[in-house]
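Please read the structure below before turning to the comments.
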Amino acid sequence: MSLIPEIKPQQSIELLKELHILTRDGKINQDTRRKLKQVYHLYQFIEPLMADVLAEKGSLTLADHGAGKSYLGFILYDLFLKDKAAAHVYGVETRQELVDKSVDLAQRLGFAGMSFLNLTVEQSITSDALPAQVDIITALHACNTATDDAIRFALAKDAKYIVLVPCCQAEVAAVLRQKKNETFGKTALSELWRHPIHTREFGSQLTNVLRCLQLEARGYQVTVTELVGWEHSMKNELIIAKKVGGAKKSARERQESILRELNLEELRQRFAY
């Protein structure tokens, strides 16, 4: 058992060392303590989703899209899935060197139910290396349109649960900025993003609102909450979507109305699939 109280008793200390959350002599610094706290807090949200799928199906597939170094996938597997033969975690990442490192680490730790794939979004949707249906999709700190890529993948894979922590969203803000003068004459709401800092922050919030409506329109029940305290991360919004079935026409209509009112109709396809 670890002498560091933040570390869960069932957690592999060797894994935390390999992920550089712990030093080789088992110590933890402030930066890695924050990272561990974030991942553990996210685990608390995902654990009941995994348990629900396993109880319903007796098996589980989870794909971490834009996995990076696969911190999340490794910790989910280590804490909950490594003793469940019918569970499999896929890490999808476009950087081959990170995929190779994750493959090597999983082999050394004996994590047989983990696979790591060097695939683009388009490739991941059609690749035979992934099942046609994936139960849970996660995307942790997915920057800019990477969150939208994860949503597109999740919708194509008919995921029961989607767990997103968006990050660094610039696309909507860029269009707001580009059309600012044109929009001033159309709506007083343009005051919400007249100043540059408001453009950035409003653009970020609006992006997530449009994503939530997109998911609701596709039959998901959406919950938006705070991941951890703001003292730990400013990229802090957690979106959890559960497939409940049935397209929600009103959500699509509200999304259309927002895009039209804010002069963002060119982004319709981004949030419409």
Side-chain angles (χ1 to χ4, degrees), residues 1-22 28-57 59-84 86-91 102 109 111 113-114 134-142 147 150-151 154 159-167 208 211-212 215 220-244:
M1 182 177 294
S2 170
L3 296 178
I4 301 174
E6 294 95 331
I7 295 176
K8 295 182 182 297
Q10 72 270 39
Q11 181 80 73
S12 164
I13 299 301
E14 187 58 32
L15 171 63
L16 295 185
K17 289 180 179 180
E18 291 287 350
L19 294 177
H20 303 294
I21 289 173
L22 292 181
I28 188 168
N29 63 38
Q30 194 58 38
D31 286 341
T32 52
R33 179 176 275 111
R34 281 195 295 267
K35 184 185 292 288
L36 184 65
K37 182 171 182 177
Q38 281 190 15
V39 175
Y40 274 176
H41 197 65
L42 189 54
Y43 171 79
Q44 292 177 343
F45 286 100
I46 299 174
E47 180 185 17
L49 312 185
M50 295 188 292
D52 177 58
V53 172
L54 284 167
E56 180 183 323
K57 295 178 59 179
S59 63
L60 167 70
T61 51
L62 183 150
D64 187 23
H65 215 277
K69 296 178 181 178
S70 292
Y71 286 95
L72 179 61
F74 274 114
I75 287 182
L76 292 176
Y77 189 84
D78 185 39
L79 292 181
F80 191 77
L81 298 173
K82 64 185 174 186
D83 61 345
K84 297 173 176 62
H88 201 98
V89 173
Y90 297 88
S102 294
L109 294 174
F111 288 2
M114 296 192 78
V134 178
D135 299 304
I136 302 175
I137 309 298
T138 61
L140 177 60
H141 292 160
T147 298
I151 291 172
K160 180 174 183 180
Y161 291 106
I162 307 170
V163 182
L164 306 168
V165 181
C167 181
N208 287 337
R211 287 166 173 162
C212 290
L215 290 167
Y220 284 84
Q221 181 183 73
V222 178
T223 302
V224 183
T225 188
E226 185 179 62
L227 178 56
V228 290
W230 289 105
E231 72 274 14
H232 296 287
S233 174
M234 292 300 290
K235 307 301 180 184
N236 206 40
E237 193 164 333
L238 172 63
I239 300 171
I240 301 175
K242 177 183 179 180
K243 187 70 177 288
V244 293

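This one's a predicted model, so the numbers in the text were calculated from it and none came from an experiment.
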- Query: Between Leu109 and Glu14, is a side-chain contact (heavy atoms from CB on, under 4.5 Å) present by the stated rule, with each step listed?
  - Reply: CA-CA 8 Å; Leu109 294 174; Glu14 187 58 32; 4.0 Å; yes
- What pairs with Lys57 under salt bridge (charged side-chain N to carboxylate O under 4.0 Å, His left out), at least two apart in sequence or on another chain? Asp135
- Find the distance between CG (Leu22) and CG (Leu36) and round it off to the nearest 0.5 Å. 7.5 Å
- Rounded to the nearest 0.5 angstrom, the NZ-CD distance for Lys243 and Gln221 is 13.0 Å
- Measure from the side-chain N and O atoms of Lys17 to the backbone N and O of Ile13, and report whether any donor-acceptor pair falls under 3.5 Å. no
- For Asp64, salt bridge (charged side-chain N to carboxylate O under 4.0 Å, His left out) partners two or more places apart: none
- Taking all heavy atoms of Ser59 and all of Leu54, pick out the closest pair and write down the distance. C-CD2, 3.7 Å
- Query: When you check the gap from the basic side-chain N to the acidic O, do Lys242 and Asp52 get nearer than 4.0 Å?
  - Reply: no
- Query: Does the side-chain contact (heavy atoms from CB on, under 4.5 Å) test come out yes or no for Phe80 and Ile46, once each step is laid out?
  - Reply: CA-CA 10 Å; Phe80 191 77; Ile46 299 174; over 6 Å; no
- Compare every heavy atom of Tyr220 with every heavy atom of Lys160, then report the nearest pair and how far apart it is. O-CE2, 3.9 Å
- Answer whether the closest heavy-atom distance between the side chains of Val134 and Tyr90 falls below 4.5 Å. no
- Closest non-hydrogen atom pair, Pro166 against Glu237: CD-O, 3.3 Å
- Measure the shortest side-chain to side-chain distance between His141 and Gln38 over non-hydrogen atoms and say whether it is less than 4.5 angstrom. yes
- Message: Would you compute the distance between atom CD1 of Ile136 and atom CE of Met50 and round it to the nearest 0.5 angstrom?
- Response: 6.5 Å
- Query: Does a side-chain heavy-atom distance below 4.5 Å link Val224 with Leu238?
  - Reply: no
- Shortest non-hydrogen contact from His20 to Thr32? O-CG2, 3.4 Å
Distance-only criterion, 3.5 Å: show the donor-acceptor pairs between side-chain atoms of residues 68-78 and protein atoms not counting sequence neighbours.
from  : atom 1 : to     : atom 2 : distance (Å)
Tyr71 : OH     : Leu19  : O      : 3.3
Tyr77 : OH     : Gly113 : N      : 3.0
Asp78 : OD1    : Lys82  : NZ     : 2.5
Asp78 : OD2    : Gln11  : NE2    : 2.5
Asp78 : OD2    : Ser12  : N      : 2.7

- Below 4.5 Å, heavy atoms only, C-beta onward: do Leu81 and Phe111 meet side chain to side chain? no
- With rounding to the nearest 0.5 Å, note down the distance linking CG in Leu215 to CD1 in Ile151. 5.0 Å
- Rounded to the nearest 0.5 Å, what's the gap from CG on Leu16 to NZ on Lys35? Could you check? 12.5 Å
- Student check: side-chain heavy atoms of Thr147 and Arg211 closer than 4.5 Å: yes
- Any chance you could measure Ile240, atom CD1, to Tyr161, atom OH, to the nearest 0.5 Å? 10.0 Å
- 4.5 Å side-chain heavy-atom contact, Leu79 and Gln10: yes
- Message: Is the shortest side-chain heavy-atom distance between Val163 and Ile137 below 4.5 Å?
- Response: no
